[in-house]
Peer 1: 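This is the structure I want to talk about, given as structure tokens.
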Amino acid sequence: MYFRALLGCALPARYLTAHRAPAPFAAAGQAMPPMYETGDGQLPHDELKGDWESVADLLDSKNGTSLLWTAIQAAAEELGPLVDALSSNATVATLFAPTDEAFTALGEATLQTLLDDPAKLAEILKYHVIVGEALTLADIEADSGSITQTALDGTTGEVEFRKAGKKAQIKTTSGQSVPIYQYNIKAGSAVVHTVKDVLIPGNMTLGAMAPAPM
């Protein structure tokens, strides 16, 4: 609904539904997938902002992140249990959430290509998630120079943290250096940081998207 309304892209009919989060995966009697560590939703960091129930709750209600949730829904089958994990307040994770501005900057043609290729879209979305760690900005800055694996498998799924200027940056395997924008947003047992660029893994190109200068 959001891609079509804002960008004129032809979102498949099965996604043109009310904008809402799917049912939580960790409902009574259900277990989280073993790949996702779980918590109690109580993060100890005093510097965290907000108090959303889960990542899905945040993306579904926070201004400026609705296109990311629409993209997650569009790639839901390819993302598998990750979608349900993001709907649980028990999932320990770090999400680098592209703003709506980041998605619109890709251009209508590129967005339409991604909508037509859910597998490719899922790879990009996984590249924005670190599972098992709820990293604050201070954690990221302390790990400057370190390599971290995202939910995207393989070396192309790695990111490097760098402390540069006032805020830390994420260096992608495609050569981007993307500053963290809004930071330390609490979403259940996860921490969310917004970014103004869509992170691109090094095994793909997206039309006009070119690696940032080294």
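We're numbering straight along the sequence, starting at 1.
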Peer 1: Is there a path of hydrophobic side-chain contacts, each under 4.5 Å between heavy atoms of I/L/V/M/F/W/Y residues, joining Val191 to Ile140?
Peer 2: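 Ile140 and Val191: separate clusters.
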Peer 1: Looking only at atom types and distance, does a side-chain atom of Ser144 sit under 3.5 Å from a main-chain N or O of Lys163, one as donor and one as acceptor?
Peer 2: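 Yes.
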Peer 1: Any chain of hydrophobic side-chain contacts (each under 4.5 Å) joining Ile170 to Leu106?
Peer 2: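 The answer is no; the residues belong to distinct hydrophobic clusters.
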Peer 1: First locate atom CG of Leu86, then atom CG of Leu79, and finally report the distance between them rounded to the nearest 0.5 Å.
Peer 2: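 Result: 8.0 Å between the selected atoms.
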Peer 1: Do Val159 and Leu82 sit in the same hydrophobic cluster, where Ile, Leu, Val, Met, Phe, Trp and Tyr count as joined when their side-chain heavy atoms come under 4.5 Å apart?
Peer 2: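 The answer is no; the residues belong to distinct hydrophobic clusters.
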Peer 1: Could you tell me whether the side chain of Thr94 and the main chain of Glu133 form a donor-acceptor pair under 3.5 Å?
Peer 2: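 Such a contact is found between Thr94 side chain and Glu133 backbone.
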Peer 1: Using atom types as modelled and distance alone, determine if a side-chain donor or acceptor of Thr104 lies under 3.5 Å from a backbone N or O of Glu101.
Peer 2: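 Checked: pair present.
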Peer 1: With sequence neighbours left out, write down each residue that passes side chain to side chain donor-acceptor pair (under 3.5 Å) with Thr99, or none if nothing qualifies.
Peer 2: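 Partners of Thr99 by the side chain to side chain donor-acceptor pair (under 3.5 Å) criterion come out as none, since no residue qualifies.
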Peer 1: Side-chain atoms of residues 120-130: list all donor-acceptor pairs with protein atoms under 3.5 Å, sequence neighbours left out, distances to 0.1 Å.
Peer 2:
{"residue": "Lys120", "atom": "NZ", "partner": "Thr205", "partner atom": "O", "Å": "3.4"}
{"residue": "Tyr127", "atom": "OH", "partner": "Glu158", "partner atom": "O", "Å": "2.7"}
{"residue": "Tyr127", "atom": "OH", "partner": "Thr173", "partner atom": "N", "Å": "2.9"}
{"residue": "Tyr127", "atom": "OH", "partner": "Thr173", "partner atom": "OG1", "Å": "3.3"}
{"residue": "His128", "atom": "ND1", "partner": "Ile124", "partner atom": "O", "Å": "2.7"}
{"residue": "His128", "atom": "NE2", "partner": "Leu199", "partner atom": "N", "Å": "2.9"}

Peer 1: Ignoring hydrogens, what is the shortest heavy-atom contact between Pro118 and Ala74? Give both atom names and the distance.
Peer 2: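 Distance-wise, the nearest heavy atoms are CB-O, 4.2 Å.
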Peer 1: Does any non-hydrogen side-chain atom of Val92 lie less than 4.5 Å from one of Val131?
Peer 2: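 Sidechains of Val92 and Val131: no contact.
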Peer 1: Can a donor-acceptor pair be found, under 3.5 Å and without considering hydrogens, that links the side chain of Asn184 to the backbone of Leu137?
Peer 2: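 Yes.
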Peer 1: I'd like to check the side chain to side chain donor-acceptor pair (under 3.5 Å) partners of Thr150; sequence neighbours left out, ordered by chain and number.
Peer 2: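 Applying side chain to side chain donor-acceptor pair (under 3.5 Å) to Thr150 gives none.
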Peer 1: Is there a path of hydrophobic side-chain contacts, each under 4.5 Å between heavy atoms of I/L/V/M/F/W/Y residues, joining Ile180 to Ile147?
Peer 2: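 No; tracing contacts between hydrophobic side chains, which count when under 4.5 Å, never links both residues.
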Peer 1: Who are the salt bridge (charged side-chain N to carboxylate O under 4.0 Å, His left out) partners of Glu141, not counting sequence neighbours?
Peer 2: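 Counting only residues at least two positions away or on another chain, Glu141 forms no salt bridge (charged side-chain N to carboxylate O under 4.0 Å, His left out).
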Peer 1: Ignoring hydrogens and geometry, is there a side-chain-to-backbone donor-acceptor pair from Asp60 to Ala56 under 3.5 Å?
Peer 2: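 Not at all, since once roles are kept as given, no pair shorter than 3.5 Å links the two residues.
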Peer 1: Side chains of Ile185 and Leu48: does their closest heavy-atom pair fall under 4.5 Å?
Peer 2: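 The answer is no, as the side chains (C-beta and beyond) never meet within the 4.5 Å cut-off.
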Peer 1: Please identify which of these residues, Thr194, Val192, Leu58, Thr65, meets the side-chain contact (heavy atoms from CB on, under 4.5 Å) condition with Leu95.
Peer 2: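 It is Val192, the one option of Thr194, Val192, Leu58, Thr65 that forms the side-chain contact (heavy atoms from CB on, under 4.5 Å) with Leu95.
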Peer 1: Mark yes or no for whether Gln176, through its side chain, and Ile200, through its backbone, hold a donor-acceptor pair below 3.5 Å.
Peer 2: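 Yes, the answer is positive, given that a donor and an acceptor are paired below the 3.5 Å cut-off.
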Peer 1: Nearest 0.5 Å, what's the CG-CG distance between Leu67 and Leu111?
Peer 2: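 Rounded to the nearest 0.5 Å, the CG-CG separation comes to 8.0 Å.
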Peer 1: Any heavy-atom pair between the side chains of Thr91 and Val55 that's under 4.5 Å?
Peer 2: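 Heavy-atom side-chain distance check fails, nothing below 4.5 Å.
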Peer 1: Determine, step by step, whether Asp139 and Thr136 satisfy the side chain to side chain donor-acceptor pair (under 3.5 Å) criterion, reporting the C-alpha distance in whole Å, the side-chain angles of both residues, the deciding distance to 0.1 Å, and the verdict.
Peer 2: CA-CA 5 Å; Asp139 295 329; Thr136 66; 3.1 Å; yes
Peer 1: Between Gln149 (side chain only) and Leu152 (backbone N and O only), is there a donor and an acceptor less than 3.5 Å apart?
Peer 2: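 At least one qualifying donor-acceptor pair exists.
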Peer 1: For the residue pair Ser66 and Asp100, confirm or rule out a side-chain donor-acceptor distance under 3.5 Å.
Peer 2: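 Per modelled atom types, Ser66 and Asp100 side chains form a pair under 3.5 Å.
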Peer 1: Output yes when a side-chain donor or acceptor of Ser87 lies under 3.5 Å from a complementary backbone atom of Val83, and no otherwise.
Peer 2: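 Judged by distance alone, yes, a pair lies under 3.5 Å.
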Peer 1: Quick one: are Lys196 and Val178 in side-chain contact, heavy atoms under 4.5 Å?
Peer 2: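 No. Closest side-chain heavy atoms not under 4.5 Å.
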Peer 1: Between Pro98 and Leu68, is there a side-chain heavy-atom distance shorter than 4.5 Å?
Peer 2: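 In contact.
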Peer 1: Residues in side chain to side chain donor-acceptor pair (under 3.5 Å) with Glu78, at least two apart?
Peer 2: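 For Glu78, no residue satisfies side chain to side chain donor-acceptor pair (under 3.5 Å) once neighbours in sequence are set aside.
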Peer 1: Tell me the ring-ring contact (aromatic ring centres under 6.0 Å, His included) pairs involving residues 148-205, sequence neighbours left out?
Peer 2: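 Listed by first then second residue: Phe96-His193.
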Peer 1: Is a side-chain donor or acceptor of Ser189 paired with a backbone partner of Asn89 at a separation under 3.5 angstrom?
Peer 2: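 Checked: pair present.
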Peer 1: With rounding to the nearest 0.5 angstrom, report the NZ to OG distance, Lys186 to Ser54.
Peer 2: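 Here the interatomic distance stands at 10.0 Å.
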